[in-house]
Amino acid sequence: MQSSAFMSRKEIIGFVILAALIFVIFPAVLDNFRLNLFGKYLTYAFVAVGLALCWGAGGILSLGQGVFFGLGGYCMAMFLKLEASTPENTAIQSTPGIPDFMDWNQLTELPWWWEPFYSLPIALIAVVAVPVMFAFIIGVAMFTRRVGGVYFAIITQAFAAIMTILIIGQQGYTGGVNGITDLRTLLGWDIRTDEAKTVLYFVNGVLLFAVLLVAQYVRKSKLGRLLIAMRDQEDRVRFSGYNVANFKIFIFCLGAAFAGIGGAMFTLQVGFMSPTLVGIVPSIEMVIFCAVGGRLSILGAVYGALLVNWAKTSLSESFPELWLLGLGGLFIAVVMVFPNGLAGVWSEKIEPRLLEIMGKKKSVAPAPDGAPAE
Amino acid sequence: MDERFILKVEDLTVSFDGFKAVDHLSFYVEPNECRVIIGPNGAGKTTVLDLICGRTKATEGSVVFKGKELLAMREDQIVHAGVGRKFQTPSVYEDLTVFENLELSYPKGHGVFGALAFKRDETVRARIKEIAQTIFLDGQLDEKAAFLSHGQKQWLEIGMLLIQDPELLMLDEPVAGMSVAERKKIAELLNRIIQDRSVIVIEHDMGFVADIATRVTVLHQGKTLSEGTMDRVQNDPKVVEVYLGH
Ligand SMILES: Nc1ncnc2c1ncn2[C@@H]1O[C@H](COP(=O)(O)OP(=O)(O)O)[C@@H](O)[C@H]1O
Ligand SMILES: [Mg+2]
């Protein structure tokens with residue numbers, strides 16, 4: 001009764017199944033190339049989990065999560081690029097020792113804001129801190145002025161567009177349209193080999209579970225219930241003595257932190273970061289991952305990211321021109337027919353059936369959702 | 001000034017594009033008083049409560065509560081100063097259980113990190129149970145608020161205010177949509193909780209008003225038409241005229 005337990009039995013089972021998939025089944029059945037691909041898909045799951053909190057629980061729809069994914073990814077890429085640009089490696093440049101794209105753009109000196117990224121600890125902190133800082137500024141500007149709903153979504157989308165334009169326009173500092181490419185080693189460890197990619201896949205999996213546990217804690221805390229309350233009755237929350245803006249800023253920043261970690265893991269596993277991952281289209285795709293998985297469920301978000309990306313790869317290998325149509329159709333189908341996504345289909349359609357079947361055998365019905373024993 | 005009044009509303013005015021919904025309104029509430037505001041639809045009753053609790057920004061005037069000017073404060077700060085507000089349409093969190101609805105109103109863990117660290121200890125549970133009994137919902141603690149009847153949602157929202165324990169409680173038409181029996185119960189409850197706090201109630205039901213009111217303010221077109229005890233107000237020719245004119 002009125003449990004505040006961290007996880008119900010059902011949720012534990014869900015976590016265990018996902019862990020088995022990511023840590024045992026995928027590595028066992030997929031070849032190196034496919035495993036790396038799934039690792040890439042899972043980097044989007046970080047964003048989708050953040051969206052499940054922001055949008056699913058809190059009702060704050062951001063169409064600019066690509067920005068935070070990109071910022072995290074770029075912070076990682078800057079470190080790796082600097083490590084790859086030793087004077088020996090870049091001896092043929094007119095200014096050796098700076099990243100190649102800077103040299104091509106007639107820069108003769110590393111910009112001051114690149115300097116800190118020689119340090120791995122600073123780069124790793126920046127992977128989280130830079131997206132959070134941007135989210136904080138947007139959050140304070142929007143939420144304290146009570147901008148919300150569709151207006152907020154449109155503004156975040158505009159922000160994604162501006163970011164892409166900035167990155168592409170400032171090629172000398174950012175690598176422009178090509179992004180930051182030709183990344184080689186992490187503290188001397190070659191990240192391009194199959195072994196390295198497998199290791200990074202597991203690191204990615206562990207980080208994803210860390211993020212899922214944080215998300216689970218937030219959801220189960222009073223803050224998680226406040227988010228749901230704010231989504232339904234913002235005024236009631238306000239007049240119960242809460243500064244609603246602060247809670248929105250917090251959850252938006254948390255989503256940005258998750259996205260930043262995902263972006264950094266993308267850079268490490270895929271070996272580059274470019275503006276194509278920052279803009280409007282990827283940002284909307286990320287929302288679709290979350291919607292397909294079920295925006296109320298953090299585990300659903302992971303499955304959504306996996307499934308949609310897997311479908312995207314399969315479809316665009318065979319019918320590249322059909323993918324965008326398929327994606328649009330999928331989104332409409334999800335919104336119209338399955339508003340709670342895969343997680344909803346599971347808990348409304350499949351699970352009751354399973355329980356029925358199991359119930360016949362055991363004749364003991366497990367506790368219903370939301371009211372776990374003890 | 002003197003400490004006779006817990007709430008001093010002076011010259012309060014709000015203008016919506018030139019239309020003065022509340023027009024240089026002044027009234028004073030004493031500690032432990034139950035003030036009822038009555039008036040025809042559109043008189044500005046709800047707007048007065050909106051102004052006091054910070055939901056609508058005033059154009060002019062002042063609202064002083066326990067010596068603090070409320071008009072300069074944010075909504076949540078006004079709540080922390082001790083003002084609680086019930087809305088005209090029941091506002092409860094439909095996706096949460098009755099228990100969770102009450103828990104969110106429990107006056108602890110109001111900051112972001114406070115909410116993250118908030119623990120449901122025995123004090124909290126006991127208090128929630130106690131309030132749930134007061135509002136006759138102790139049997140439905142685990143039920144989603146969406147499944148409550150209209151009247152029960154009204155009760156729940158009142159419970160959410162009681163658990164805050166405000167010094168000034170403002171209720172906007174608390175018995176609307178309730179049965180006669182429920183009205184009696186609310187009147188009893190109000191008479192009980194009025195003992196140690198001040199209350200402002202907006203109400204239409206004259207029988208109910210007579211049951212609970214210390215003093216009555218009649219509002220008409222954003223201005224005070226009459227003020228005093230129920231008897232005095234009911235026999236005021238100006239009031240009779242306005243009510244008969246409707
Ligand atoms: N935010 C607003 N903008 C414009 N007009 C408003 C607003 N709020 C209230 N009003 C108007 O003010 C008048 C008083 O409304 P209200 O306080 O709700 O009356 P009541 O006494 O029935 O509670 C009404 O004419 C209403 O249309
Ligand atoms: Mg009203």
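In what follows, chains are A, B, ... by sequence order, proteins preceding strands, each numbered from 1.
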Engineer: Which bit of B:Gln77 comes within less than 4.5 Å of chain A, counting heavy atoms only: side chain, backbone, both or neither?
Structural biologist: neither
Engineer: What closest approach, in Å, do A:Arg236 and B:Arg85 show between heavy atoms, and which atom pair accounts for it?
Structural biologist: NH1-O, 2.7 Å
Engineer: Under the criterion side chain to side chain contact (heavy atoms under 4.5 Å, CB included), I'd like the reasoning laid out for B:Leu104 against A:Arg225: C-alpha separation, chi angles, the key distance, then a yes or no.
Structural biologist: CA-CA 8 Å; B:Leu104 290 190; A:Arg225 294 188 287 282; 4.2 Å; yes
Engineer: If you tally heavy-atom pairs under 4.5 Å against chain A, which of B:Pro107, B:Ser105, B:Gly109 wins?
Structural biologist: B:Gly109
Engineer: Considering only heavy atoms, which portion of A:Ile228 lies under 4.5 Å from any heavy atom of chain B: side chain, backbone, both, or neither?
Structural biologist: side chain
Engineer: State whether the side chain of B:Tyr93 and the backbone N or O of A:Leu226 hold a donor-acceptor pair below 3.5 Å, judged by distance alone.
Structural biologist: no
Engineer: Is chain A contacted by the side chain of B:Phe87, its backbone, both, or neither, given a heavy-atom distance below 4.5 Å?
Structural biologist: both
Engineer: From B:Phe118 CZ over to A:Leu223 CG, what is the distance, rounded to the nearest 0.5 angstrom?
Structural biologist: 12.0 Å
Engineer: For the CZ atom on A:Phe136, are there more than 12 heavy atoms of other groups (residues, nucleotides or ligands in this structure) within a distance under 6.0 Å?
Structural biologist: no
Engineer: Between B:Lys108 and chain A, with a heavy-atom cut-off of 4.5 Å, which part of the residue counts as in contact: side chain, backbone, both or neither?
Structural biologist: backbone
Engineer: Tell me, out of A:Val218, A:Ile249, A:Val237, A:Asn246, who's got the most heavy-atom pairs with chain B below 4.5 Å.
Structural biologist: A:Val237
Engineer: So do B:Cys53 and A:Phe239 actually touch side chain to side chain, heavy atoms under 4.5 Å?
Structural biologist: yes
Engineer: Counting only heavy atoms closer than 4.5 Å, note whether B:Ile163 contacts chain A via side chain, backbone, both or neither.
Structural biologist: neither
Engineer: Can you confirm whether more than 12 heavy atoms, excluding those of A:Tyr217, are under 6.0 Å from its OH atom?
Structural biologist: yes
Engineer: Can you name the closest pair of heavy atoms from B:Tyr106 and A:Lys222 and give their distance?
Structural biologist: O-NZ, 4.3 Å
Engineer: Specify the closest pair of heavy atoms between B:Ala115 and A:Phe247, including all atoms of both residues, with the distance to one decimal.
Structural biologist: CB-CE2, 3.8 Å
Engineer: With only heavy atoms counted, which part of B:Val92 is less than 4.5 Å from chain A, the side chain, the backbone, both or neither?
Structural biologist: backbone
Engineer: Contact between B:Leu116 and A:Phe250 at the side-chain level, heavy atoms closer than 4.5 Å - yes or no?
Structural biologist: yes
Engineer: Minimum heavy-atom separation for B:Arg55 and A:Asp235, please, with both atom names.
Structural biologist: NE-OD2, 2.6 Å
Engineer: Less than 4.5 Å to any heavy atom of chain B: does that hold for the side chain of A:Val244, its backbone, both, or neither?
Structural biologist: neither
Engineer: Minimum heavy-atom separation for A:Gln233 to B:Ser91, with atom names?
Structural biologist: OE1-CB, 3.6 Å
Engineer: Give a yes or no on whether the backbone of A:Tyr242 and the side-chain of B:His80 come within a donor-acceptor separation of less than 3.5 Å.
Structural biologist: no
Engineer: If every non-hydrogen atom of A:Ser240 is compared with every non-hydrogen atom of B:Val79, which pair is closest and at what distance?
Structural biologist: C-CG1, 3.8 Å
